[in-house]
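Accompanying notes for the structure given below.
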Amino acid sequence: TLRAEAVQEICNLTEQAVIRWAKHNQVTLPVSSYEAMEIAWGLLHGMVSLGLIDRVNSARAHGLLRHAILTLLQGWRSAST
């Protein structure tokens, strides 16, 4: 279906972004790149869901998402050293 194809494309894009970030920052991920994508995707999806159900407003959701992603990447960076 079109929806499944879109999800697969987003997952591929997310995985490639994680791989590029890890290489650029010389980080060895503590999980496979596929698992890292699933973690990042789950985080992104959860934060977007909070915005969609009006649990948080758009500006706050954006700030929380930025903080969550930065925290995740910092955790992976710390685990790599």
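Residue Leu72 holds its CG atom at 7.5 Å from CH2 of Trp21, rounded to the nearest 0.5 Å. The distance from atom CD1 of Ile19 to atom OG1 of Thr14, rounded to the nearest 0.5 Å, is 11.0 Å. Rounding to the nearest 0.5 Å places CG of Leu70 at 9.0 Å from CZ of Arg77. How far CD1 of Ile69 is from CG of Leu43: 4.5 Å, rounded to the nearest 0.5 Å. Considering NE2 of His45 and CG of Leu52, their distance stands at 8.0 Å, rounded to 0.5 Å. Expressed to the nearest 0.5 Å, how far CG of Leu44 lies from CD1 of Ile10 amounts to 10.0 Å.
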Note to self: Show, in sequence, the C-alpha distance, side-chain angles and deciding distance for Asn12 and Gln8, and conclude whether the side-chain hydrogen bond (donor to acceptor under 3.5 Å, both in side chains) test is met.
What the structure shows: CA-CA 6 Å; Asn12 291 341; Gln8 186 59 48; 2.9 Å; yes
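The two residues Thr28 and Ser80 make their nearest non-hydrogen contact at N-OG, 2.8 Å. The two residues Met37 and Glu15 have their closest heavy-atom pair at CG-N, 3.6 Å.
For the side chain to side chain donor-acceptor pair (under 3.5 Å) condition, no pair includes a residue of residues 57-72, sequence neighbours left out.
Side-chain atoms of Leu13 and Trp41, non-hydrogen and from C-beta on, never get closer than 4.5 Å to each other. Using a 4.5 Å cut-off on side-chain heavy atoms (C-beta onward), Trp76 and Asn25 make no contact.
The 12-atom threshold is not exceeded at CD of Glu9, counting heavy atoms of other residues, nucleotides or ligands nearer than 6.0 Å.
Both Met47 and Val18 are part of a single hydrophobic cluster, where members link through side-chain heavy atoms under 4.5 Å apart.
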